[in-house]
Amino acid sequence: MLYHHDYELDTTRRDAPIRITARGRAVLANPMTNRATAFTVQERRFLGLVGLMPSGVTGLGNQVRRVYAQYQSAKTPFAKHNYLANLRDRNEILFYRLLADHIEEMMPIIYTPTIGEVIERFSLEYNRSRGVFLSIDRPEDVEQSLLDYGLGRDDVDLLVLTDSEGILGIGDQGIGGIEIAIGKLSVYTAAAGLHPRRVIPVVIDVGTDNLGLLNSDLYLGERHARVRGERYDAFMDHVVQTASRLFPTAMLHWEDFGADNAHRLLEKYRHTHCTFNDDIQGTAAVALAAVLAGVNVTGMPLADHRIVIYGGGTAGIGIADLLRDTLIREGVAPEAAQAQFYVLGSKGMFVDDMSSLREFQKPYARSRDEVAGWERVTGGLVGMLGSNGGNGSGAGNGNGAGAGAGANGIPNGSGAGNGHGNGNGNGRGGITLADVVHNVRPTILIGTSTAGGAFTKAIVSEMARHCERPIIMPLSNPTSRAEALPADVVEWTEGRALIATGSPFEPVDHREVRHVIAQANNALIFPGLGLGVAACQATRVTDGMIAAAAEALAGLVNTYRPGASLLPRISELRPVSAHVALAVAAAAAEEGVARRPLTDPVNDIYTRMWQPEYPPVEII
């Protein structure tokens, strides 16, 4: 039972009444008790609302029509986001009903890409606090800060935490990252029915290296460089231990941490606490689901596929890890499973003598001896220095100049750069995507590089020349950073490619077949996973639970119709989340990490999903 000075509410039941203790304008000021013109004449009289609003009584359906028209009148995505945020602050149920009814249209507004601009402008636009702000300079305040949010020991299902270092494609954004946590939780609620009063958005303020923020008089965070090393680790441990002690059944969701910290924190706590990193595990799960759906179409067992991942950062390695673990669970020997992957980063394919590899990347490095005899497609070395192009020199086995490095220094990416090769044939230097595709003949090509246009016609055509149904997944977003456009991939493969993208794309018509392009959106996974964890009160999020979520998602589409999407649509999030939650809870019980295994699974999940409807009112 949630006790607030304005109301009492059982947040574990979808049909629970709200017991309102407030009167008059206080009722209208609280977004959980306010239903504005939907209050009946009798409710208005008992709650002291007579004359405080127009006399007409309007049901929730007509209220949604009204606010949707107001939303549509906003001219820009940022203005639309602000409208929705203000609506949430005055009537939370109406906000979530509007969002649920238009989830596919509004997802880009409440979350990526619009949320990036909202985060950048956080200190400038600030007008009302939502969430908890934890400062590394005041560790003694962590417990009080979490308690002051007003939720009790058994009232929290989920905390979304970010330190704002790796926000989308815009990097370090200081405390503005609180908006990414708020946006994420809005999706949890709209898609999976996690009650909005059972979740907490948290920003961990360890300073910022963003000089623009530090030099702004309006910046609201701690004014010093980002703290790293032992002090950072000690503070994060203090936050994790405190949050887990105060809310022992809550899942800790890591969001948009920098690559190194993201992997370290996940590995440090995943075996002892209920934690989940959406950038690593969520991205991997939805990618696995698309791969599994594609594999069903090809008829070729996953164990027979050759997999190239272009962009071996947090997301790319997360995908590789989950695919590898899936192969192992299917009976493939660990060494053989690992050998199916070819991963590329900013300096070409990972090879074991590269000094720049991070610890989480090293397992995917190929032996230099293995690639010594490879044919090189590009002329010389690829220029790979700098974030937007650069210069490189070295040896190659071909003739002529190498291609320039593009965005994020990825070979063959967009952007300018120069490379030089002396053609002496010793095979040293960066191995490009074209080289890998030519020598490996992959059947699955996954892009997480943010290098727009990296999957060129030559590369895709070469892949399709040796593979009847290539699975090609340009997952980088926004659209400008997609490794290829679906229309091009369909044309270059004569309609044979099975495609999933990170950004939404319209269907592609080719030779009388309409190809519906699957969007590998993490929202197809993380809401259902969170719901499943909450429903069974899992003590940990295991690899088996994540794989179960992916397999459940893959099983929801009919991929045998020509051109069918590999994944469900975003408009189907609510039933998708319920199916994923069932699979997650079942896997948790099977692995012995469910505190409360579901006894009536369908009903247990259904009754746990909060509906944005006005509950019965009890006046006390």
Worksheet item: Should R264 and D233 count as an ion pair when the cut-off is N to O under 4.0 Å?
Response: yes
Worksheet entry | Side chain to side chain, F95 and L98, heavy atoms closer than 4.5 Å | no
Worksheet entry | Nearest heavy atoms of V286 and A520, plus distance in Å | CG1-O, 3.8 Å
Worksheet, complete the sentence: Taken to the nearest 0.5 Å, the spacing of E483 CD from L445 CG works out to 8.5 Å
Worksheet item: Does a donor on one side chain and an acceptor on the other come within less than 3.5 Å for T11 and R198?
Response: yes
Worksheet item: CD1/I446 to CD1/I307 distance, rounded to the nearest 0.5 angstrom?
Response: 6.5 Å
Worksheet item: Once the angle between the rings of H263 and F360 is folded into 0 to 90°, is it parallel (under 30°), tilted (30 to 60°) or perpendicular (over 60°)?
Response: parallel
Item to complete: Please determine, by modelled atom types, if R306 and Y342 share a side-chain donor-acceptor pair under 3.5 angstrom.
Response: no
Worksheet item: What closest approach, in Å, do M463 and P470 show between heavy atoms, and which atom pair accounts for it?
Response: CE-CB, 3.7 Å
Discussion item. Any donor-acceptor pair under 3.5 Å linking the side-chain atoms of D600 with those of Y606?
Written reply: no
Item to complete: In plain terms, say whether R329 and D325 are close enough for a salt bridge, that is, a side-chain N and a carboxylate O under 4.0 Å apart.
Response: no
Worksheet item: What class does the angle between the rings of H273 and Y269 fall in, given that below 30° is parallel, 30 to 60° is tilted and above 60° is perpendicular?
Response: perpendicular
Worksheet item: Can a salt bridge be assigned to the pair D543 and R270 using a cut-off of 4.0 Å between side-chain N and carboxylate O?
Response: yes
Worksheet entry | Donor-acceptor side-chain pairing of Y232 and D163 below 3.5 angstrom | yes
